[in-house]
Colleague: 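Can you read through this structure? Questions will come right after.
For clarity, every value in this text was computed on a predicted model and none was experimentally measured. Residues take their numbers from the sequence shown, with the count starting at 1.
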Amino acid sequence: IALDPNDAAAFNKRGSAKRAKGDTNGAIADYSSAIDADPKSAVSYNNRGYAKYTTGDYEGALADLNKAADLDINYVLAFENLGLVKKTTGDLDGAMLDFDRALVLDPKDAYAWNNRGLIKQAKGDLDGAISDFSRALGINSKYAQAWNNQGFAKYSNHDLEGAIADLNTALEIDPKYAAAYDNRGLAKADSGDPDGAMADYNRAIELDPKDAKAYYNRALAKKAAGDADGAAVDNKRALKLDPKLATPANSAASPTPNQ
């Protein structure tokens with residue numbers, strides 16, 4: 001950069017290095033410099049858009065990512081990131097279209113299959129979700145998140161044996177995957193294994209002490225086991241971490257998935 005202040009590629013590389021070290025604002029500044037140096041760089045707009053997404057600036061992220069996709073209509077990563085932002089903001093139909101586009105461009109994009117599966121699951125299409133997760137796993141059998149997601153979709157579809165098998169695989173790949181322990185706990189609880197469920201919730205919380213859903217699910221398990229005091233402690237912690245969660249005292253309370 002000192003030798004060539006108009007080197008967009010150098011600004012992008014330095015921006016990505018800063019983002020990897022947690023300096024997101026510095027990364028955004030470098031990506032902006034890359035755009036100034038080359039206003040037609042789809043990569044620069046994509047990088048800045050994703051960085052803005054990680055800061056919660058969804059409007060700015062969408063603007064940059066749309067610009068990246070306009071500059072390069074075959075840019076798979078831009079469509080993936082557009083889908084991610086739209087999924088996060090609740091625009092499931094828009095996200096579906098973006099992941100569809102990514103898959104037209106690259107049918108072997110396991111990430112896009114996995115994320116489209118999550119969208120289908122959110123829209124209530126469990127069979128379609130499981131199919132997409134399966135496609136992702138056919139491309140990358142070591143994709144722990146896809147195993148976790150497929151496992152929870154099977155749990156939601158009342159296939160408890162299949163759910164536990166998938167979640168076991170996710171944990172074989174990533175033994176520190178807190179969400180997979182939490183979800184396996186749900187499946188074990190419904191399978192009549194309360195002790196196994198409790199052990200999984202405990203492990204999920206040990207791995208991620210800020211996992212509100214694990215505290216919530218453990219509170220329900222403790223309440224079912226007659227440990228009202230323990231349930232109250234876990235529920236209080238869950239609500240502190242995530243006030244949107246319901247309370248075990250609510251007769252409509254139900255286990256909460258972790259993805």
Colleague: A quick test of your reading: do over 12 heavy atoms of other residues, nucleotides or ligands sit less than 6.0 Å from CD of Glu59?
Modeller: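 Check fails, neighbour count at 12 or below.
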Colleague: For the residue pair Met96 and Asp100, establish whether any side-chain heavy-atom pair is separated by less than 4.5 Å.
Modeller: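 Contact flag for Met96/Asp100 side chains = yes.
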Colleague: Between Ile28 and Thr55, is there a side-chain heavy-atom distance shorter than 4.5 Å?
Modeller: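 Side chain of Thr55 against side chain of Ile28, heavy atoms only: contact under 4.5 Å found.
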Colleague: Does atom NZ of Lys120 have more than 12 heavy-atom neighbours from other groups under 6.0 Å away?
Modeller: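 Yes, the 6.0 Å shell around NZ holds more than 12 heavy atoms from other groups.
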Colleague: Hydrophobic clusters here meaning ILVMFWY residues chained together by side-chain heavy-atom distances under 4.5 Å, can you tell me if Leu65 and Phe79 are in one?
Modeller: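 Same cluster: Leu65 reaches Phe79 through Ile, Leu, Val, Met, Phe, Trp or Tyr contacts under 4.5 Å.
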Colleague: Would Leu97 and Arg101 satisfy side chain to side chain contact (heavy atoms under 4.5 Å, CB included), going step by step from the backbone distance to the final call?
Modeller: CA-CA 6 Å; Leu97 290 173; Arg101 177 61 179 164; over 6 Å; no
Colleague: Given Asp109, which of Val104, Leu77, Val76 fulfils the side-chain contact (heavy atoms from CB on, under 4.5 Å) condition?
Modeller: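 Output: one option passes, namely Val76.
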Colleague: Rounded to the nearest 0.5 Å, what separation is found between the CG atom of Asp30 and the OG atom of Ser44?
Modeller: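 So the gap between those two atoms works out to 10.5 Å.
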Colleague: Taking all non-hydrogen atoms of both residues into account, name the closest pair between Leu160 and Asp190 and its distance.
Modeller: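 Distance-wise, the nearest heavy atoms are CD1-O, 3.5 Å.
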Colleague: For a ring pair (Phe, Tyr, Trp, His ring centres under 6.0 Å) check, start with the C-alpha distance between Tyr53 and Tyr58, then their side-chain angles and the critical distance, and finish with the verdict.
Modeller: CA-CA 5 Å; Tyr53 164 74; Tyr58 302 134; 5.7 Å; yes
Colleague: Under 6.0 Å from the six-membered ring centre of Phe99 and within 45° of its axis: does the NZ or CZ of Arg116 meet both?
Modeller: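 Not satisfied by the 6.0 Å and 45° rule.
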Colleague: Write down the atom of Asp38, the atom of Ala8, and the distance for their closest heavy-atom approach.
Modeller: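 The pair with the smallest heavy-atom distance is CB-CB, 3.9 Å.
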Colleague: Looking at NZ of Lys154 and CD1 of Ile130, how far apart are the two atoms once the value is rounded to the nearest 0.5 Å?
Modeller: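 Here the rounded value is 6.5 Å.
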Colleague: Enumerate the residue pairs fulfilling salt bridge (charged side-chain N to carboxylate O under 4.0 Å, His left out) with a member in residues 71-80, sequence neighbours excluded, ordered by first and then second residue.
Modeller: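 Every candidate salt bridge (charged side-chain N to carboxylate O under 4.0 Å, His left out) pair involving residues 71-80 fails, so no pair, neighbours aside, qualifies.
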Colleague: Which of these, Asp195, Asp193, Asn183, Leu167, sits in a side-chain contact (heavy atoms from CB on, under 4.5 Å) with Lys188?
Modeller: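 Filter result, single survivor: Asp193.
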Colleague: If you take all heavy atoms of Ala69 and Ala78, which pair is closest and at what distance?
Modeller: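 Looking at all heavy atoms of both residues, the shortest contact is N-CB, 4.2 Å.
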Colleague: Quick one, Ser134 with Trp113, criterion side chain to side chain contact (heavy atoms under 4.5 Å, CB included). Give me CA distance, side-chain angles, the key distance, then yes/no.
Modeller: CA-CA 8 Å; Ser134 180; Trp113 284 112; over 6 Å; no
Colleague: Give the minimum heavy-atom separation between Asn81 and Tyr50, together with the two atoms involved.
Modeller: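 It is OD1-CD1, 3.6 Å.
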Colleague: Restricting to non-hydrogen atoms, name the atom on Asn12 and the atom on Ala34 that form the minimum distance, rounded to 0.1 Å.
Modeller: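 Result for this residue pair: ND2-CB, 3.8 Å.
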Colleague: Are Tyr143 and Leu171 grouped together when hydrophobic residues (ILVMFWY) are joined by side-chain heavy atoms under 4.5 angstrom apart?
Modeller: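 Different hydrophobic clusters.
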Colleague: Under a single-linkage definition using a 4.5 Å side-chain heavy-atom cutoff for Ile, Leu, Val, Met, Phe, Trp and Tyr, are Leu71 and Ile35 assigned to the same hydrophobic cluster?
Modeller: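 Same hydrophobic cluster.
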Colleague: To the nearest 0.5 Å, tell me how far Tyr177 OH sits from Glu172 CD.
Modeller: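 These two atoms lie 14.5 Å from each other.
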Colleague: Between the side chain of Asn66 and the main-chain N/O of Leu62, is any donor-acceptor distance below 3.5 Å?
Modeller: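 Yes: the side chain of Asn66 pairs with the backbone of Leu62.
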Colleague: Hey, does Tyr45 have a side-chain heavy atom less than 4.5 Å from the side chain of Ser41?
Modeller: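 The answer is no, as the side chains (C-beta and beyond) never meet within the 4.5 Å cut-off.
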Colleague: Rounded to the nearest 0.5 Å, what separation is found between the CD1 atom of Ile205 and the CG atom of Asp182?
Modeller: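 Nearest 0.5 Å value for the CD1-CG distance: 8.0 Å.
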Colleague: When you measure from the side chain of Asn46 to the backbone of Ala42, do you find a donor-acceptor pair of N or O atoms at a distance under 3.5 Å?
Modeller: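 Flag not set: sc Asn46 to bb Ala42 has no pair under 3.5 Å.
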Colleague: Group every Ile, Leu, Val, Met, Phe, Trp and Tyr by side-chain heavy-atom contacts under 4.5 Å, then state whether Leu84 and Ile119 land in the same group.
Modeller: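 Linked within one cluster.
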Colleague: Checking Asn235 against Tyr215 for the side chain to side chain contact (heavy atoms under 4.5 Å, CB included) test, could you report, in this order, the C-alpha distance in whole Å, the side-chain angles of both residues, the deciding distance, and whether it holds?
Modeller: CA-CA 7 Å; Asn235 183 61; Tyr215 281 105; over 6 Å; no
Colleague: To the nearest 0.5 Å, tell me how far Arg203 CZ sits from Asp208 CG.
Modeller: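 The CZ atom of Arg203 sits 11.5 Å away from the CG atom of Asp208.
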Colleague: Does any part of the side chain of Tyr75, heavy atoms only, come nearer than 4.5 Å to the side chain of Val43, both counted from C-beta?
Modeller: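 Yes - at least one pair of side-chain heavy atoms lies under 4.5 Å apart.
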Colleague: Can you confirm whether Tyr201 sits close enough to Leu186 that some side-chain heavy atom of one is under 4.5 Å from a side-chain heavy atom of the other?
Modeller: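 Yes, side chains in contact.
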Colleague: Is there a path of hydrophobic side-chain contacts, each under 4.5 Å between heavy atoms, that joins Tyr111 and Ile173?
Modeller: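 Shared cluster, yes.
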Colleague: Can we say Arg218 and Asp234 salt-bridge, meaning some charged N sits less than 4.0 Å from an Asp/Glu carboxylate O?
Modeller: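 Salt bridge between Arg218 and Asp234, a charged N being under 4.0 Å from a carboxylate O: yes.
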Colleague: Just so I know, are the side chains of Glu206 and Asn202 near enough to count as touching, which here means a heavy-atom distance under 4.5 Å?
Modeller: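 They are not in side-chain contact.
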Colleague: Would Asp93 and Lys86 pass as an ion pair if we require N to O under 4.0 Å?
Modeller: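 Not counted as a salt bridge, because no side-chain N and carboxylate O are separated by less than 4.0 Å.
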Colleague: From Leu207 CG over to Lys176 NZ, what is the distance, rounded to the nearest 0.5 angstrom?
Modeller: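 One finds 7.5 Å between CG of Leu207 and NZ of Lys176.
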Colleague: Can you name the closest pair of heavy atoms from Lys123 and Leu92 and give their distance?
Modeller: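 Reported closest heavy-atom pair: CG-CD1, 3.9 Å.
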Colleague: Using atom types as modelled and distance alone, determine if a side-chain donor or acceptor of Asn148 lies under 3.5 Å from a backbone N or O of Ala144.
Modeller: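 Judged by distance alone, no pair lies under 3.5 Å.
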Colleague: Side-chain contact, heavy-atom cut-off 4.5 Å: Arg19 with Tyr31?
Modeller: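 Side chain of Arg19 against side chain of Tyr31, heavy atoms only: contact under 4.5 Å found.
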